[in-house]
Each structure stands twice: as C-alpha cells, then as structure tokens.
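Every chain is numbered from 1 and lettered A, B, ... according to where its sequence line falls, protein lines coming before strand lines.
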Amino acid sequence: MSEAHDNSFLAFSQVCERVKSTMSKNMKIRIVSEYLKNLDDENLKVACDLFSGQIFPPWEGIELQVGYSTLLDILREVSGLNDKILVETIIKHGDLGEAAEEILTKRTIRPLFEEKYDLVQVYARLRKVAEVTGKGSVYEKKKILTGLYLNMTPLEAKYLTKVLTGEMRIGLVSGLIIESIAEAFNRVFDEVNEAFLLINSVGETAILAKYGKLSEAKLVLLRPTNFMLAESMQSAEEIVDYFRKELVCEFKLDGVRVQCHKKGDVVKIFSRKANEVSAQFPEIVEDLLKIDHDFIFDGEVLAFKNGRPLPFSKLQTRLQRKYVDEKIVSEIPLMLFVYDILYFDGEPLYKMPLIERKKVIEKIEFTGRIECLEYTLVSKKEEVERKFFESLELGYEGLMLKDPSSAYTVGKRGKYWIKLKKELDTLDVVIVAAERGHGKRAEIFSDYVFSVWDNGALKTIGKAYSGLTDKELLEVNERLKDLAIKDEGWRLIVRPEIVIEVAFNGIQKSDRHESGFALRFPRIKRIRDDKSIDEADTIEKVKAIYERQKSLEGERLNK
DNA sequence: CCTGATGCGTC
DNA sequence: GTCGGAC
DNA sequence: GTCCGACGACGCATCAGG
C-alpha cells in the first residue's frame, strides 16, 4: 500500500507514539518500516537519525548546547505556566518530553495557527540552534526553539523535546531500527547491520539500503568506524576456563581510546564516540605523519613520563581542550600505544585474525611518542595472575586478554576481548539523601547520596544506585520514605540510618562533596543492615586509601 | 573582569 | 567507566 | 549471550550576570 509521502514532524511523532505503546518488537518493526517506506530521501535520512537519537554526526563537531535548564526556560516561555507547576509536572513524568506534552496542553498562550513542519525543516532549525555561538547565543537558541514549540501540537512538542534531550525512550533500540530499515527496503538484516556498524550513521545506511547500495558502505579512511569493545570477567580463572586456549595478553592502560587515520599527508584522530580529537594531541599527530603508510590504528593515548604512566586525572587536563600550548604539551607528555590495525595501505584488515593483525603492526616502524603495545601469549591461570600483578606494579589498570583468532568486530562487545581489573577497596557509608530517578526509575528515589564520618559529623563523599537489584531498590526506597526529614522535590533528605558497602576503583580530591573526596566508579556492593551508622567508615580511612594510591603513583615517578 | 551555572565528553 | 534486567 | 538504560566521577569551554 503506497500513499503520498507524509514527511511531517507530526507523522513522525505519531509513529513514535505508536512504537512506544506496543511492547511487541515485531509490531514496532512493522510500524516503523511501513513509515520509512513513505518518506522521501531527505526526510528518510532525518527520521532515521532522530529515531536513533543521534541528530548530527559526531565527527562534525557540532553541538546543540541545549540541556535541561534551557529547555525548562523554553517550556516556561511557551506555556506561560509558573515554575511550581512545571517542575511538578516534570517530576510526575520523570521525562522531560512526556512532561512537555502535558505542559503544552495546559498552555495559556496559543498560536493563531499551528504551522506544519516536515522533518527536514525541523532538522534545519536544529542545525541553526547548534551553529549559533557567542554573546547572546543562549537567547538566540531559545528563540529558535520557542518558535518551533509555539507552532507545534503537544504531541510534536513531546517528541521534539525527546529529540533534544537525546532520550527517546520509546523502546526502539538501534537493532530494531536496523531491522525496520531491512524490512522496509527488503534487505538482509546482516548486510544492513554491517553497513551501519562500518559507517556509523543510521540515516546514511537507510539511503544505501533503499537503493540497494549497501555494499558501498566500506571502511573509509578519515571517517571513523565503531570501536571493538571488551567484556569484563572477574578472575583469571574465569577467563582461562572460558577460552581454554592461548590468549593475547596486554596491560590495560588508563588513558583514552583513539582511532587514528592517516591518508597521504592527512591525519585524523577520533575518540570512542567518534568525535575528532586531533587538535588535542598535536604531538601525536606529528609523529603519526612520519609513518610512511596509510592506515587506521586502534590504540590508547596515555599520559606518560619517565617511562611510567601517569594517573588518568593528569591526562584529563588535556582532554576537551580547544587551545593546546607548548606549556601543557611539556607538562603532560603523552604516548600513543597502538594495539590494533583495521586498515593498511589500501587493504581492510579488520576481518583478519588478531594475531595476524599484530604481525602487521610489528612490521611498522614507530618513532617519537608512538609505540606498538607489547603483548605476551598466556594460557595458564598462574601466568594471567602474574601478569596482572605486574601490571598493577607498573602502574597500569589491569589486563586485556584477547582471542588471537578473532576478527575486529566493529561496534560489538563480543566475548573476544576481556578486561580484568579489580576494585581498589570498599567503604561502609551512610545514606543521607536520595534523589529521584528518570525514565523507568521515575517513580522512585533511586540515587543515594552517602557520607563518611569526619570528626563526629557525616560528610558526603559520593552518590550511587548501581549495584542494587530492582527489588532491593524498592525496599530501600520504602525505608527512606519513612526516614525522610525534608522533601525537596527532586531530593529527599533522610535521617542517617542505612549503611551500605560501596566499592570503587579510586579516590579523588573533590570540591563537589563535603568530605573533600570523591570515589571513581562507585557501586553499591550490599546493604549492611548488620552495621549501625556508628560503625560506618571515617574520613581517616578515606585519607589512608588516598595516600596509599598516591604513594604508588609517586613511587612510579621516582623510579 | 571574575564567578557560577550549564553543557558536554572522557573514563 | 559501573551495574542489573529484558529478551 | 547480548544489548540496553540508568546511573557515578572529573575537567574544559562557554556564556550570563553581578
């Protein structure tokens, strides 16, 4: 059944609404694929990008710079409602988009007529929003968006908001979008999926699929592809038991993952989320240019001094930097450790077994701040444990263990690469406040603020929810409601009573928490109902762990 | 001119 | 980065 | 077995507003 194209944003919103309302995956696919068939090319591309929550390709370096706060201002302006009602509505829904719909139905200001936008028009305005910068730009962004909202129905406003926050929450995950594209244009799922993973754009994939050109989606120099991801295992034993064969073993470096492309005399470095970060690492770019080949490398940039790695926090001062001067370059020296290769002098290599790819890397001559990451072959539990210990001694994060026969599976977290790292320590802390969740956690206080003792007073040191099961979350939630001292809407201040054990991978100095410290990767291990709050840990223990960690770094520097 | 709020991207 | 949960 | 959403910490850039 073929009808006239309906490229409107309203139709898009209605489709989203139908997709959200059904649990059935097949149904979702049917709805979306039927919809995609009836779009013209440009709108098809936009629709797919919006479904996937990725408005602009990350490598273009263009950002909306519109977040919660700006959207709240816009909704206030558009609706004429006061903050109390606005915030209540947002809390009620736990999703800004859902709230926007209700807010617009209650608006006191109404436009004379509602303009009908198609997807391309909305997209063009979003691009404008992203492009305005400089003084008054926040005002300008709000003005453009307010204009859009004013002419939209509540349903459209809901999905515009969801697009802007990047959280669609309609149960249409990337796999289903790919399936819908395959279905709409009568293609094989695997071919569509492979194309998508290679070129990293749902919209472009849809166009290729539509015209039967999926084979044109290739690994292309200077355009980022997805990174291969690793899984985590708990122990050396688990790893050797799982594989029962010889494994490639590397140190796990605590830096940033990069994909380095070189084509002729052009070098581009991309981050894990496909942002171009070349400008942040000029000395690495310079040394990459000295390599007389075309290539795509996968590796890690690490802060590195006197033959030893520096902590991630040092490297972090060089990230997101727009202006890189000689001072920062000399203060925080970098190394690039190359550990994989996807393309070399005209040949895609990502389907080749890892061990063969390693051989290609080993033949390349690196100079300056670039090295090939060393690896060993291990097969016994004891060997893995020994390497793990050695890794920590040298100041690395743990180990990566990789299946030597595996291809580079672009964009997948297959069980071919395994990371092995250990928690640094745990603390018993006291819950002092709880914050509301979003989306599927909208109904509950899901996020717990916790404290340690400092001279008889409880001082906050972090927040966490992760680690508890849904059941435990509900139980804690009920208990916290009884312990509430003050309800601030988003946040509940509670009488200190519940003790939890929190694991973490590091302690950092912090000015965001009262204790002056914060935890890296905090997660809740268990609820310690066997402990009273007097038995919770103190700032002295925190300081001791912090010093222990620091002395390890210091030791490394002095060697 | 400085500071705090906001947004974003890295782990 | 972390984690639990849904399929 | 795999994918996914809901969350943690930090630092840098930018802009609004005193």
Side-chain N,O ([X]) to OP1/OP2 ([N]) below 4.0 Å:
X: A:K142; N: D:dA16; value: no
X: A:H513; N: D:dG8; value: no
X: A:N275; N: B:dC8; value: no
X: A:K463; N: D:dG8; value: yes
X: A:S271; N: B:dT10; value: yes
X: A:K440; N: D:dC4; value: no
X: A:H438; N: D:dC7; value: yes
X: A:T469; N: C:dG4; value: no
X: A:R512; N: D:dG11; value: no
X: A:S313; N: D:dC10; value: no
X: A:S446; N: D:dC7; value: yes

With sugar-phosphate meaning primed atoms plus P, OP1 and OP2, does [X] contact a base, only sugar-phosphate, or nothing at under 4.0 Å between heavy atoms?
X: A:F504; value: nothing
X: A:G506; value: nothing
X: A:S510; value: sugar-phosphate
X: A:L519; value: sugar-phosphate
X: A:K252; value: sugar-phosphate
X: A:L468; value: sugar-phosphate

* Among A:R523, A:K525, A:R526, the one residue meeting salt bridge (charged side-chain N to carboxylate O under 4.0 Å, His left out) with A:E501 -> A:R526
* **salt bridge (charged side-chain N to carboxylate O under 4.0 Å, His left out) partner of A:E98, the single match among A:R169, A:K162, A:K92** =>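 Going through the options one by one, the only one that passes is A:K162.
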* To do: State, yes or no, whether a side-chain contact exists between A:S201 and A:D49 at a heavy-atom distance under 4.5 Å.
  =>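 A:S201 reaches A:D49 side chain to side chain.
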* Asked: Would you say the side chain of A:L480 lies within less than 4.5 Å of the side chain of A:Y448, judging by non-hydrogen atoms?
  -> yes
* Structure fact -> Between A:P522 and A:R441, the residue closer to the 5' end of DNA chain C by nearest nucleotide is A:P522
* Asked: Relative to the 5' end of DNA chain C, which residue comes earlier, A:K421 or A:K471, by the nucleotide with the nearest heavy atom?
  -> A:K421
* To do: Would you state whether a donor and an acceptor, one from the side chain of A:Q316 and one from the base of D:dC10, lie under 3.5 Å apart?
  => yes
Looking only at the side chain of [X] (C-beta and beyond, no hydrogens), which of the listed nucleotides [options] gets closest?
X: A:K273; options: D:dT14, B:dC11, B:dT10; value: B:dT10
X: A:S466; options: B:dC11, D:dT14, C:dC3; value: C:dC3
X: A:D470; options: D:dC10, C:dG5, D:dT2; value: C:dG5

Let me know the distance between [atom1] of [X] and [atom2] of [N], rounded to the nearest Å.
X: A:L229; N: D:dT2; atom1: CG; atom2: P; result: 13 Å
X: A:L172; N: D:dG5; atom1: CG; atom2: P; result: 10 Å
X: A:L427; N: D:dG8; atom1: CG; atom2: P; result: 18 Å

* For the side chain of A:S391 and the backbone of A:G398, is there at least one donor-acceptor N/O pair under 3.5 Å apart? -> yes
* Structure fact -> In this structure, NZ of A:K268 is separated from CD of A:E276 (nearest 0.5 Å) by 5.0 Å
